[in-house]
Novice: 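Pasting a structure here, questions to come.
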Amino acid sequence: MSAEVVDLEKLRRSCAQCSLHVLCLPAGIGGTDLQQLDEIVRNRRPLEPGESLFRSGQALSSLYVAREGAFKTVATNEEGETQVIGFHLPGELMGLDALGSGHHACDAEALTRATVCEVPLAQLETVCTQLPGLQHQLLRIIGQGINRDQTHMEMLGRRQAAERVALFLHGLSERYKLLGRPGDMFVLPMSREDIASFLGMVIETVSRTLTKMQEDGVIAVRGRQVKVLDAARLDAMVHGPAKPPAPAPGAARRG
(Lines give C-alpha, C1' and ligand atoms only; values in the text may rest on other atoms or scores of the structure.)
Protein backbone atom coordinates (compact mmCIF):
# COMPACT_ATOMS: atom_id res chain seq x y z
CA MET A 1 0.00 0.00 0.00
CA SER A 2 2.75 2.42 0.97
CA ALA A 3 4.72 1.53 -2.18
CA GLU A 4 1.78 2.60 -4.35
CA VAL A 5 1.55 5.95 -2.56
CA VAL A 6 5.25 6.59 -3.18
CA ASP A 7 4.92 5.66 -6.85
CA LEU A 8 1.87 7.86 -7.25
CA GLU A 9 3.64 10.85 -5.75
CA LYS A 10 6.63 10.27 -8.00
CA LEU A 11 4.41 10.13 -11.06
CA ARG A 12 2.49 13.22 -10.01
CA ARG A 13 5.72 15.16 -9.63
CA SER A 14 6.83 13.94 -13.03
CA CYS A 15 3.57 14.99 -14.67
CA ALA A 16 3.63 18.34 -12.91
CA GLN A 17 7.08 19.00 -14.32
CA CYS A 18 6.06 18.15 -17.88
CA SER A 19 2.64 19.84 -17.58
CA LEU A 20 0.83 16.63 -18.55
CA HIS A 21 -1.26 17.11 -15.39
CA VAL A 22 -3.70 19.13 -17.52
CA LEU A 23 -4.52 15.88 -19.32
CA CYS A 24 -4.64 13.32 -16.54
CA LEU A 25 -4.28 14.47 -12.95
CA PRO A 26 -7.57 16.42 -12.63
CA ALA A 27 -9.44 13.28 -13.73
CA GLY A 28 -8.82 11.68 -10.33
CA ILE A 29 -6.68 8.87 -11.71
CA GLY A 30 -5.20 6.49 -9.14
CA GLY A 31 -1.73 4.99 -8.88
CA THR A 32 -2.05 2.00 -11.21
CA ASP A 33 -4.06 3.90 -13.82
CA LEU A 34 -1.70 6.88 -13.75
CA GLN A 35 1.21 4.53 -14.28
CA GLN A 36 -0.47 3.20 -17.44
CA LEU A 37 -0.50 6.70 -18.88
CA ASP A 38 3.01 7.50 -17.68
CA GLU A 39 4.38 4.42 -19.45
CA ILE A 40 3.25 5.56 -22.93
CA VAL A 41 4.58 9.11 -22.69
CA ARG A 42 7.82 9.76 -24.53
CA ASN A 43 10.18 12.64 -23.83
CA ARG A 44 11.43 14.16 -27.07
CA ARG A 45 14.68 16.03 -27.51
CA PRO A 46 14.58 19.81 -26.96
CA LEU A 47 13.47 21.95 -29.89
CA GLU A 48 15.19 25.21 -30.72
CA PRO A 49 13.29 28.42 -31.62
CA GLY A 50 11.95 28.12 -35.16
CA GLU A 51 12.21 24.32 -35.24
CA SER A 52 9.12 22.38 -36.36
CA LEU A 53 7.31 19.87 -34.18
CA PHE A 54 5.12 18.71 -37.08
CA ARG A 55 4.33 19.99 -40.57
CA SER A 56 1.23 20.40 -42.69
CA GLY A 57 0.32 17.17 -44.49
CA GLN A 58 2.18 14.99 -42.00
CA ALA A 59 0.23 11.95 -40.82
CA LEU A 60 -1.08 12.07 -37.28
CA SER A 61 0.82 9.70 -35.01
CA SER A 62 0.99 11.46 -31.65
CA LEU A 63 -0.37 14.29 -29.55
CA TYR A 64 2.06 16.58 -27.79
CA VAL A 65 2.30 18.60 -24.59
CA ALA A 66 5.00 21.24 -24.13
CA ARG A 67 6.83 20.72 -20.86
CA GLU A 68 8.62 24.02 -21.32
CA GLY A 69 8.43 26.70 -23.97
CA ALA A 70 5.63 27.68 -26.34
CA PHE A 71 4.60 27.04 -29.94
CA LYS A 72 2.73 28.69 -32.77
CA THR A 73 0.72 26.98 -35.48
CA VAL A 74 0.94 28.42 -39.00
CA ALA A 75 -1.26 27.78 -42.03
CA THR A 76 -0.15 28.34 -45.63
CA ASN A 77 -2.59 28.98 -48.48
CA GLU A 78 -2.27 27.99 -52.14
CA GLU A 79 -0.47 31.25 -52.93
CA GLY A 80 2.16 30.50 -50.32
CA GLU A 81 0.93 33.16 -47.90
CA THR A 82 1.20 32.24 -44.24
CA GLN A 83 -0.88 33.17 -41.21
CA VAL A 84 -0.46 32.36 -37.56
CA ILE A 85 -3.63 30.55 -36.51
CA GLY A 86 -2.81 29.59 -32.92
CA PHE A 87 -0.46 29.77 -29.97
CA HIS A 88 0.18 26.94 -27.53
CA LEU A 89 1.40 27.55 -24.00
CA PRO A 90 3.25 25.13 -21.70
CA GLY A 91 0.83 22.42 -20.61
CA GLU A 92 -1.55 22.71 -23.58
CA LEU A 93 -2.21 19.79 -25.91
CA MET A 94 -1.03 20.08 -29.53
CA GLY A 95 -1.84 18.07 -32.64
CA LEU A 96 -5.63 18.10 -32.30
CA ASP A 97 -5.95 19.71 -35.75
CA ALA A 98 -5.32 16.30 -37.34
CA LEU A 99 -7.94 14.31 -35.44
CA GLY A 100 -10.54 14.70 -38.19
CA SER A 101 -8.55 13.96 -41.35
CA GLY A 102 -5.64 12.04 -39.89
CA HIS A 103 -3.17 14.59 -41.30
CA HIS A 104 -1.97 17.88 -39.88
CA ALA A 105 -3.42 20.98 -41.52
CA CYS A 106 -0.74 23.36 -40.25
CA ASP A 107 2.87 23.63 -39.12
CA ALA A 108 3.73 23.72 -35.41
CA GLU A 109 6.86 25.75 -34.70
CA ALA A 110 8.68 26.38 -31.44
CA LEU A 111 8.64 30.02 -30.35
CA THR A 112 11.27 29.43 -27.68
CA ARG A 113 13.56 26.59 -26.72
CA ALA A 114 11.06 23.90 -25.80
CA THR A 115 10.84 20.38 -24.45
CA VAL A 116 7.87 18.20 -25.33
CA CYS A 117 6.11 15.10 -24.06
CA GLU A 118 4.89 12.92 -26.94
CA VAL A 119 1.79 10.77 -26.46
CA PRO A 120 1.42 8.12 -29.22
CA LEU A 121 -2.19 8.25 -30.36
CA ALA A 122 -2.76 4.52 -30.81
CA GLN A 123 -1.61 3.79 -27.28
CA LEU A 124 -3.55 6.75 -25.89
CA GLU A 125 -6.76 5.42 -27.46
CA THR A 126 -6.17 2.05 -25.80
CA VAL A 127 -5.57 3.62 -22.40
CA CYS A 128 -8.65 5.86 -22.79
CA THR A 129 -10.89 2.81 -23.29
CA GLN A 130 -9.63 1.49 -19.96
CA LEU A 131 -9.80 4.80 -18.08
CA PRO A 132 -13.15 6.60 -18.49
CA GLY A 133 -11.88 9.52 -16.39
CA LEU A 134 -9.04 10.14 -18.82
CA GLN A 135 -11.40 9.91 -21.78
CA HIS A 136 -13.65 12.56 -20.23
CA GLN A 137 -10.68 14.81 -19.52
CA LEU A 138 -9.41 14.47 -23.09
CA LEU A 139 -12.81 15.49 -24.45
CA ARG A 140 -12.78 18.51 -22.14
CA ILE A 141 -9.38 19.58 -23.49
CA ILE A 142 -10.59 19.14 -27.08
CA GLY A 143 -13.51 21.39 -26.18
CA GLN A 144 -11.11 24.03 -24.85
CA GLY A 145 -9.27 23.92 -28.18
CA ILE A 146 -12.54 24.46 -30.06
CA ASN A 147 -13.33 27.41 -27.80
CA ARG A 148 -9.94 28.97 -28.61
CA ASP A 149 -10.67 28.61 -32.33
CA GLN A 150 -14.03 30.33 -31.85
CA THR A 151 -12.36 33.11 -29.89
CA HIS A 152 -9.87 33.59 -32.71
CA MET A 153 -12.71 33.98 -35.20
CA GLU A 154 -14.31 36.51 -32.87
CA MET A 155 -11.04 38.45 -32.73
CA LEU A 156 -10.87 38.65 -36.52
CA GLY A 157 -14.48 39.86 -36.57
CA ARG A 158 -13.83 42.82 -34.28
CA ARG A 159 -13.46 46.07 -36.21
CA GLN A 160 -11.48 48.04 -33.65
CA ALA A 161 -7.81 47.21 -33.16
CA ALA A 162 -8.11 47.84 -29.41
CA GLU A 163 -10.86 45.24 -29.13
CA ARG A 164 -8.81 42.60 -30.96
CA VAL A 165 -5.72 43.17 -28.84
CA ALA A 166 -7.77 43.30 -25.62
CA LEU A 167 -9.49 40.02 -26.50
CA PHE A 168 -6.11 38.46 -27.24
CA LEU A 169 -4.57 39.55 -23.92
CA HIS A 170 -7.72 38.62 -21.98
CA GLY A 171 -7.66 35.15 -23.54
CA LEU A 172 -4.00 34.64 -22.65
CA SER A 173 -4.70 35.71 -19.09
CA GLU A 174 -7.51 33.17 -18.74
CA ARG A 175 -5.39 30.40 -20.26
CA TYR A 176 -2.52 31.05 -17.87
CA LYS A 177 -5.00 30.85 -14.99
CA LEU A 178 -6.25 27.46 -16.22
CA LEU A 179 -2.65 26.25 -16.17
CA GLY A 180 -2.25 27.36 -12.56
CA ARG A 181 -0.11 30.37 -13.41
CA PRO A 182 -0.67 34.08 -12.67
CA GLY A 183 -3.14 35.67 -15.04
CA ASP A 184 -2.27 39.24 -14.18
CA MET A 185 1.43 39.08 -15.11
CA PHE A 186 2.80 36.94 -17.91
CA VAL A 187 5.37 36.86 -20.69
CA LEU A 188 4.38 36.94 -24.36
CA PRO A 189 6.40 34.11 -25.94
CA MET A 190 5.44 35.32 -29.41
CA SER A 191 6.75 38.34 -31.33
CA ARG A 192 4.71 41.43 -32.21
CA GLU A 193 4.86 40.22 -35.81
CA ASP A 194 3.28 36.89 -34.83
CA ILE A 195 0.56 38.68 -32.85
CA ALA A 196 -0.18 40.90 -35.86
CA SER A 197 -0.49 37.87 -38.13
CA PHE A 198 -2.76 36.11 -35.65
CA LEU A 199 -5.03 39.15 -35.29
CA GLY A 200 -5.08 40.07 -38.99
CA MET A 201 -3.36 43.39 -38.34
CA VAL A 202 -0.08 45.09 -39.19
CA ILE A 203 2.71 45.13 -36.62
CA GLU A 204 2.64 48.94 -36.30
CA THR A 205 -1.01 48.84 -35.26
CA VAL A 206 -0.32 46.18 -32.65
CA SER A 207 2.51 48.24 -31.17
CA ARG A 208 0.45 51.46 -31.15
CA THR A 209 -2.49 49.67 -29.53
CA LEU A 210 -0.35 48.19 -26.75
CA THR A 211 1.18 51.61 -26.12
CA LYS A 212 -2.27 53.23 -25.95
CA MET A 213 -3.53 50.57 -23.50
CA GLN A 214 -0.48 51.26 -21.34
CA GLU A 215 -1.04 55.01 -21.45
CA ASP A 216 -4.66 54.43 -20.42
CA GLY A 217 -3.54 52.41 -17.39
CA VAL A 218 -5.06 49.11 -18.54
CA ILE A 219 -1.76 47.24 -18.82
CA ALA A 220 1.95 47.78 -18.28
CA VAL A 221 4.31 46.45 -20.95
CA ARG A 222 8.02 45.95 -20.57
CA GLY A 223 9.53 44.10 -23.50
CA ARG A 224 7.45 40.95 -23.72
CA GLN A 225 6.24 41.06 -20.14
CA VAL A 226 2.64 42.19 -19.64
CA LYS A 227 1.07 43.19 -16.35
CA VAL A 228 -2.69 43.68 -16.17
CA LEU A 229 -3.26 46.83 -14.11
CA ASP A 230 -7.02 47.18 -14.53
CA ALA A 231 -8.66 43.78 -15.06
CA ALA A 232 -12.17 45.25 -14.97
CA ARG A 233 -11.39 47.67 -17.75
CA LEU A 234 -9.72 44.99 -19.85
CA ASP A 235 -12.83 42.85 -19.38
CA ALA A 236 -15.02 45.79 -20.42
CA MET A 237 -12.99 46.24 -23.61
CA VAL A 238 -13.75 42.60 -24.43
CA HIS A 239 -17.34 42.21 -23.28
CA GLY A 240 -18.55 45.80 -23.11
CA PRO A 241 -19.27 47.88 -19.99
CA ALA A 242 -21.07 46.16 -17.15
CA LYS A 243 -24.83 46.69 -17.21
CA PRO A 244 -26.47 48.32 -14.18
CA PRO A 245 -28.39 45.87 -11.99
CA ALA A 246 -32.07 45.47 -12.79
CA PRO A 247 -34.45 47.20 -10.35
CA ALA A 248 -35.83 44.96 -7.64
CA PRO A 249 -39.43 43.77 -8.03
CA GLY A 250 -41.86 46.30 -6.61
CA ALA A 251 -39.32 49.07 -6.79
CA ALA A 252 -41.23 50.98 -9.48
CA ARG A 253 -41.49 54.70 -8.85
CA ARG A 254 -44.59 55.70 -7.04
CA GLY A 255 -46.35 58.86 -8.16
Side-chain angles (χ1 to χ4, degrees), residues 12 15-27 64-73 84-94 96 110-117 137 140-156 158 160-192 194-199 201 206-207 209-243:
R12 287 183 181 276
C15 284
Q17 290 171 358
C18 76
S19 299
L20 198 59
H21 66 279
V22 300
L23 178 61
C24 62
L25 296 190
Y64 307 91
V65 179
R67 294 177 59 184
E68 299 173 346
F71 289 79
K72 66 178 177 181
T73 44
V84 176
I85 59 173
F87 296 109
H88 303 270
L89 304 176
E92 293 181 342
L93 205 59
M94 295 178 286
L96 297 174
L111 291 167
T112 61
R113 182 175 171 83
T115 54
V116 176
C117 285
Q137 185 72 357
R140 186 181 70 84
I141 292 172
I142 292 173
Q144 290 175 351
I146 293 173
N147 288 340
R148 288 198 296 270
D149 290 340
Q150 291 176 335
T151 300
H152 185 209
M153 295 302 296
E154 183 182 350
M155 289 178 191
L156 297 178
R158 297 289 182 103
Q160 300 298 321
E163 291 181 347
R164 293 192 190 186
V165 174
L167 189 56
F168 172 69
L169 294 177
H170 185 273
L172 278 181
S173 173
E174 293 300 310
R175 286 163 67 183
Y176 276 117
K177 289 178 185 176
L178 282 175
L179 296 171
R181 303 188 178 200
D184 59 350
M185 181 179 291
F186 48 87
V187 174
L188 299 173
M190 67 291 291
S191 66
R192 299 286 195 272
D194 285 335
I195 295 173
S197 175
F198 182 67
L199 297 179
M201 300 162 59
V206 171
S207 296
T209 303
L210 289 172
T211 298
K212 181 64 165 59
M213 292 176 69
Q214 179 165 254
E215 292 173 347
D216 291 344
V218 180
I219 59 173
V221 182
R222 184 176 181 180
R224 292 195 178 189
Q225 181 172 291
V226 175
K227 182 176 183 179
V228 179
L229 301 176
D230 192 336
R233 191 166 178 188
L234 179 63
D235 189 80
M237 293 177 70
V238 173
H239 301 112
K243 296 180 180 180

Novice: Residues two or more places apart in sequence or in another chain: which of them pass side-chain hydrogen bond (donor to acceptor under 3.5 Å, both in side chains) with T211?
Specialist: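 Applying side-chain hydrogen bond (donor to acceptor under 3.5 Å, both in side chains) to T211 gives none.
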Novice: Checking R224 now: which residues fulfil salt bridge (charged side-chain N to carboxylate O under 4.0 Å, His left out) with it, not counting sequence neighbours?
Specialist: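 Testing R224 for salt bridge (charged side-chain N to carboxylate O under 4.0 Å, His left out), a comparison that skips the adjacent residues, returns none.
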Novice: Where do A166 and M237 come nearest, in terms of heavy atoms and distance?
Specialist: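 Smallest heavy-atom distance, with atoms named: CB-CB, 3.8 Å.
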Novice: Between atom NZ of K227 and atom CZ of F186, what is the distance when rounded to the nearest 0.5 Å?
Specialist: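 Answer for the NZ-CZ pair, K227 versus F186, is 12.5 Å.
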Novice: By side-chain hydrogen bond (donor to acceptor under 3.5 Å, both in side chains), which residues pair with E174, not counting sequence neighbours?
Specialist: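 With sequence neighbours excluded, E174 shows a side-chain hydrogen bond (donor to acceptor under 3.5 Å, both in side chains) to K177, given in chain and number order.
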Novice: How many angstroms lie between atom CG of D235 and atom CG of L167, to the nearest 0.5 angstrom?
Specialist: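 Reported to 0.5 Å precision, the distance equals 10.5 Å.
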Novice: With rounding to the nearest 0.5 Å, note down the distance linking CZ in R164 to CG in L169.
Specialist: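 Those atoms lie 14.5 Å apart.
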Novice: Just verifying a value: how many Å separate L172 CG and I195 CD1, rounded to the nearest 0.5 Å?
Specialist: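 Taking CG in L172 and CD1 in I195, the distance rounds to 8.0 Å.
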Novice: Run K72 and M190 through side-chain contact (heavy atoms from CB on, under 4.5 Å) and show every step you take.
Specialist: CA-CA 8 Å; K72 66 178 177 181; M190 67 291 291; over 6 Å; no
Novice: Would you give me the side-chain donor-acceptor pairs under 3.5 Å for residues 213-222, sequence neighbours excluded?
Specialist:
from	atom 1	to	atom 2	distance (Å)
Q214	OE1	V221	N	2.5
D216	OD1	K212	NZ	3.2
D216	OD2	K212	NZ	2.7

Novice: Mind checking the CZ-CG spacing from F168 to L210? Nearest 0.5 Å is all I need.
Specialist: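 Separation between the atoms: 9.0 Å.
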Novice: Kindly compute the distance separating CZ (F71) from CG (L89), expressed to the nearest 0.5 Å.
Specialist: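 It is 11.5 Å, given to the nearest 0.5 Å.
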Novice: Closest heavy-atom contact between A114 and G69?
Specialist: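 Of all heavy-atom pairs spanning A114 and G69, the closest is CB-CA, 4.0 Å.
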Novice: Evaluate the side-chain proximity of F87 to L111: yes if any heavy-atom separation is below 4.5 Å, no if none is.
Specialist: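 Touching, per the 4.5 Å side-chain cut-off.
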Novice: Check whether any side-chain N or O of Y176 sits under 3.5 Å from a backbone N or O of V187 as a donor-acceptor pair, and report yes or no.
Specialist: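 Yes, because the side chain of Y176 sits within donor-acceptor range (under 3.5 Å) of the backbone of V187.
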Novice: Under the side-chain hydrogen bond (donor to acceptor under 3.5 Å, both in side chains) test, which residues partner R192, sequence neighbours left out?
Specialist: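 R192 satisfies side-chain hydrogen bond (donor to acceptor under 3.5 Å, both in side chains) with no residue once adjacent residues are dropped.
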